[in-house]
Amino acid sequence: MKPADRVELFRRLQAANPHPTTELHYKNPFQLLVAVILSAQATDKSVNLATAPLFKSIKTPADLLAFGHERFEAAIRTIGLYRTKARNVMATARILQEQHGGLVPDRREALEALPGVGRKTANVVLNTAFGQPTIAVDTHIFRVSNRTGLAPGKTPLAVESRLLKVVPPEFRQDAHHWLILHGRYVCRARQPDCANCILLDLCSYGAKHV
DNA sequence: ATCCCGAGGG
DNA sequence: CCCTCTGGAT
């Protein structure tokens, strides 16, 4: 994709959604971290449904440790992958409590050392909780970047490094959420809504799928 | 490459 | 029934 088209692409996404944010519900960095770990291979909606009652009382790692593994696992069962996620979240809470003073670290290495936290989750926390211009390449961004031709790549990491090069600086902070939302609601995995896509004329894929 | 895994949509 | 959902660890 030509540089001028990249700028136009983000201008349109910005016009459609001036202040994009995550759809996960949370009140502080710890709750965000927990919600993002839980969101792997799950919809934001199902995560919010499970965390709504939990986050009323659980606001810190100490709160979660006091709440207990058994009760937490039962409370997130509807999300799926619940055994692994419960184990990872509880272990993460313990590490935060014992090694980080109960706070969520703002460095990639420390975040990725937590169980259940990989590059994608660390990027979301760095971007959304700490305002860093990272781009977390999830299933949506990977798909949108390849389909449109904005930042093609064979792996999520390849797409991420490409995006960091081609996204104009003024759009870097919000690019993450724009691409996510576009992928979720328009450039869907199954039946992309190319007919109603505001990026159609910029896209290498859309012309063949209207 | 495979496992974890429930819920919702087509 | 099948596929997908803001993946990570083995």
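Labels below follow one simple rule: chain letters A, B, ... track the order of the sequence lines, proteins then strands, and each chain is numbered from 1. Values in this document were obtained by computation on a predicted structure and should not be read as measured data.
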* Just checking A:T121: base, sugar-phosphate only, or nothing, at a heavy-atom cut-off of under 4.0 Å? -> sugar-phosphate

* Taking side chain to side chain contact (heavy atoms under 4.5 Å, CB included) as the test, write out the residues that go with A:K59, two or more places apart. => A:N28, A:Q31, A:D63

* To do: Can you sort out the partners of A:E112 under salt bridge (charged side-chain N to carboxylate O under 4.0 Å, His left out), two or more places apart, ordered by chain and number?
  => A:R108

Hey, can you pull the donor-acceptor pairs under 3.5 Å for the side chains in residues 90-106 of chain A, sequence neighbours left out?
| from | atom 1 | to | atom 2 | distance (Å) |
| --- | --- | --- | --- | --- |
| A:T92 | OG1 | A:N88 | O | 3.1 |
| A:T92 | OG1 | A:P115 | O | 3.0 |

* Scan residues 75-95 of chain A against DNA chain B and write down, sorted by residue number, each residue with any heavy atom closer than 4.0 Å; if none is found, say none. => A:R77, A:T78, A:I79, A:G80, A:L81, A:Y82, A:R83, A:T84

* Would you please name every residue forming a salt bridge (charged side-chain N to carboxylate O under 4.0 Å, His left out) with A:D174, sequence neighbours left out? => none

* For A:Q173, what residues pass the side chain to side chain contact (heavy atoms under 4.5 Å, CB included) criterion, not counting sequence neighbours? -> A:N127, A:P133

* Asked: Tell me, which of residues 150-170 of chain A have any heavy atom that sits under 4.0 Å from an atom in DNA chain C?
  -> none

* Structure fact -> Residues passing the side chain to side chain contact (heavy atoms under 4.5 Å, CB included) test with A:T51, sequence neighbours excluded, are A:L38, A:V47, A:N48, A:F55

* **Residue pairs passing the ring pair (Phe, Tyr, Trp, His ring centres under 6.0 Å) test where at least one lies in residues 136-173 of chain A, sequence neighbours excluded** => A:F10-A:F171

* Map A:G116 and A:K45 onto DNA chain C by nearest heavy atom, then report which one ends up closer to the 5' terminus. => A:K45

* salt bridge (charged side-chain N to carboxylate O under 4.0 Å, His left out) pairs, two or more places apart, involving residues 6-15 of chain A -> A:E8-A:R12, A:R12-A:D201

* **Proximity to DNA chain B (any heavy atom under 4.0 Å), residues of residues 181-196 of chain A only** => A:R190, A:Q191

* Asked: Which is the 5'-most and which the 3'-most nucleotide of DNA chain B that has an atom under 4.0 Å from a heavy atom of chain A?
  -> B:dC4 to B:dG10

* A:S46 near the nucleic acid: base, sugar-phosphate alone, or nothing, with a heavy-atom cut-off under 4.0 Å? -> nothing

